[in-house]
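This one's a predicted model, so the numbers in the text were calculated from it and none came from an experiment.
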Amino acid sequence: MRRLRSQKWWMFGHKDERQTPIVPNGNISSTALIFVIAIMTFLACLTLGAVTVVRDSASSWQLQIAREATIQIRPDEELDMEAALDKVQVAASGFSGVRDARIVDKEATARLLEPWLGAGLDIDALPVPRLVIITIDPASPPDFAAMRAAIKLAVPQAVLEDHRNWVDRLVTMARTTVYFGIVVLSLVLVATALAIIFATRGAMSGNGHIIEVLHFVGAEGKFIANEFSRRFFMTGVKGALAGGLAALALFIAVGVWSAANRSTPEADQAAALFGNFAIGWAGYTGVLAIVILVALLTAETTRLTVLRHLKGLDRSNPE
């Protein structure tokens with residue numbers, strides 16, 4: 001009995017080519033199960049990548065709003081736009097906490113409008129507002145109320161916008177998206193665990209007579225569960241690696257595409273909302289963590305399922 005509990009081989013008798021493992025390879029390493037784990041891992045990594053991009057974008061928005069404000073001058077028939085821009089620039093630069101006040105020239109304004117109005121715009125012929133970008137000191141911001149009054153006095157058509165209201169809403173939406181992504185990631189992992197449970201039960205069903213014989217002649221439940229756990233762990237590693245590598249390939253491809261098209265107006269607008277679509281080292285570390293987590297989840301879920309099955313056998317066949 002002691003020998004049976006401690007031995008590493010999976011069937012009775014001597015070690016030879018006729019021995020059959022408790023969990024045959026054909027039952028576990030099926031293509032279907034590996035594909036299921038790979039798909040679940042891929043979805044989990046995509047969710048993590050999306051959460052990382054949104055979180056980084058929210059942080060970028062917060063940092064940007066702490067550093068910049070915008071003065072918009074609406075066009076008017078009696079207004080000398082270039083002179084008005086100079087007046088606003090001088091008025092804003094005089095406030096403590098303002099590091100720089102930069103006029104957005106006509107070419108830059110045309111590039112901002114190009115995604116909607118097309119190329120080759122004549123800014124002078126269009127009633128387009130002009131902008132002055134103010135760079136402020138985040139540690140010591142200026143008095144925006146006083147600045148707004150001074151700018152309005154210098155140029156009545158000028159409006160100071162510190163963007164705080166709409167950016168706060170965007171940051172709140174981003175945080176909500178992050179929480180939603182965490183929920184989706186949890187659901188994907190739960191679905192993976194359920195798929196593993198069903199696969200484990202199928203493997204036990206196909207080898208039920210072997211398991212019952214081993215169990216009732218004295219094989220420890222831990223020994224049987226470990227054999228299942230070891231086989232499922234290797235299956236989990238294969239599927240998780242496949243899904244994780246597919247996700248990494250997608251992230252790298254999107255990052256390369258984003259970098260190659262960074263100079264286009266469409267890419268500039270997308271970058272303003274989502275950054276450069278790079279998940280960074282934190283995202284890559286998270287993908288690796290998900291691969292390891294899925295493999296360990298596969299092994300542990302299998303072990304617990306087998307132990308529960310063996311306890312059910314003990315209850316249904318009391319001595």
key: Residues that, via side-chain heavy atoms closer than 4.5 angstrom, fall in one hydrophobic cluster with Phe95   = Ile71, Ile73, Leu79, Met81, Leu85, Val88, Val98, Ile103, Val132, Ile134, Ile136, Phe144, Met147, Ile151, Val155, Leu160
ask   = When clusters are formed by joining ILVMFWY residues with side-chain heavy atoms under 4.5 Å apart, either directly or through shared neighbours, do Leu241 and Leu293 land in the same one?
value = no
key: Pairs where residues 70-98 contributes a residue and the test salt bridge (Lys or Arg N to Asp or Glu O under 4.0 Å) is met, not counting sequence neighbours   = Glu82-Arg130
ask   = Which atom pair, heavy atoms only, marks the closest approach of Val51 to Gly181?
value = CG2-CA, 3.6 Å
remark   = So OG1 of Thr301 and CG of Leu296: to nearest 0.5 Å the spacing works out to 10.0 Å
message = Show me the pairs that pass salt bridge (Lys or Arg N to Asp or Glu O under 4.0 Å) and involve residues 279-305, at least two apart or across chains.
response = Glu300-Arg303
message = I'd like to know if Leu248 and Leu288 are part of one continuous hydrophobic network [Ile/Leu/Val/Met/Phe/Trp/Tyr, side-chain heavy atoms within less than 4.5 Å].
response = no
note = Distance col, row Thr235:OG1 vs Ile34:CD1, nearest 0.5 angstrom, shows 5.5 Å
ask   = Looking at Ala242 and Ala38, what are the two nearest heavy atoms and their distance?
value = CB-CB, 4.0 Å
Listed pairs under 3.5 Å, donor-acceptor, residues 183-199 side chains, sequence neighbours left out:
residue: Ser186; atom: OG; partner: Ile182; partner atom: O; Å: 3.0
residue: Thr192; atom: OG1; partner: Val188; partner atom: O; Å: 2.8

task = Would you mind reporting whether Leu131 and Thr109 have side-chain heavy atoms less than 4.5 Å apart?
result = no
key: Side-chain heavy atoms of Phe233 within contact of Thr298, under 4.5 Å   = no
inquiry  = Starting from Ile252, can I reach Val254 by hopping between I/L/V/M/F/W/Y residues whose side chains sit under 4.5 Å apart?
reply    = yes
task = Tell me whether Val287 is reachable from Leu46 by hopping between hydrophobic residues (I, L, V, M, F, W, Y) whose side-chain heavy atoms are closer than 4.5 Å.
result = yes
key: ILVMFWY network linking Phe232 to Val291, side-chain heavy atoms under 4.5 angstrom   = no
task = Find the distance between CE (Met40) and SG (Cys45) and round it off to the nearest 0.5 Å.
result = 13.0 Å
task = Identify the two heavy atoms, one from Ser93 and one from Ala101, that lie closest to each other, and give their separation to 0.1 Å.
result = OG-CB, 3.5 Å
query = Does any non-hydrogen side-chain atom of Leu250 lie less than 4.5 Å from one of Phe42?
reply = yes
inquiry  = Using every non-hydrogen atom in the two residues, find where Asp100 and Arg102 come nearest and quote the distance to one decimal.
reply    = OD2-CB, 3.8 Å
remark   = So side-chain hydrogen bond (donor to acceptor under 3.5 Å, both in side chains) across residues 148-158, not counting sequence neighbours, yields none
key: Residues in side-chain hydrogen bond (donor to acceptor under 3.5 Å, both in side chains) contact with Arg67, at least two apart in sequence or another chain   = none
message = Test your reading of the model: is there a side-chain donor-acceptor pair from Thr41 to the backbone of Gly244, 3.5 Å cut-off?
response = no
Separation between CD of Glu107 and CZ of Arg111, rounded to the nearest 0.5 Å = 7.5 Å
ask   = If you take all heavy atoms of Ala108 and Val104, which pair is closest and at what distance?
value = CB-CG1, 3.6 Å
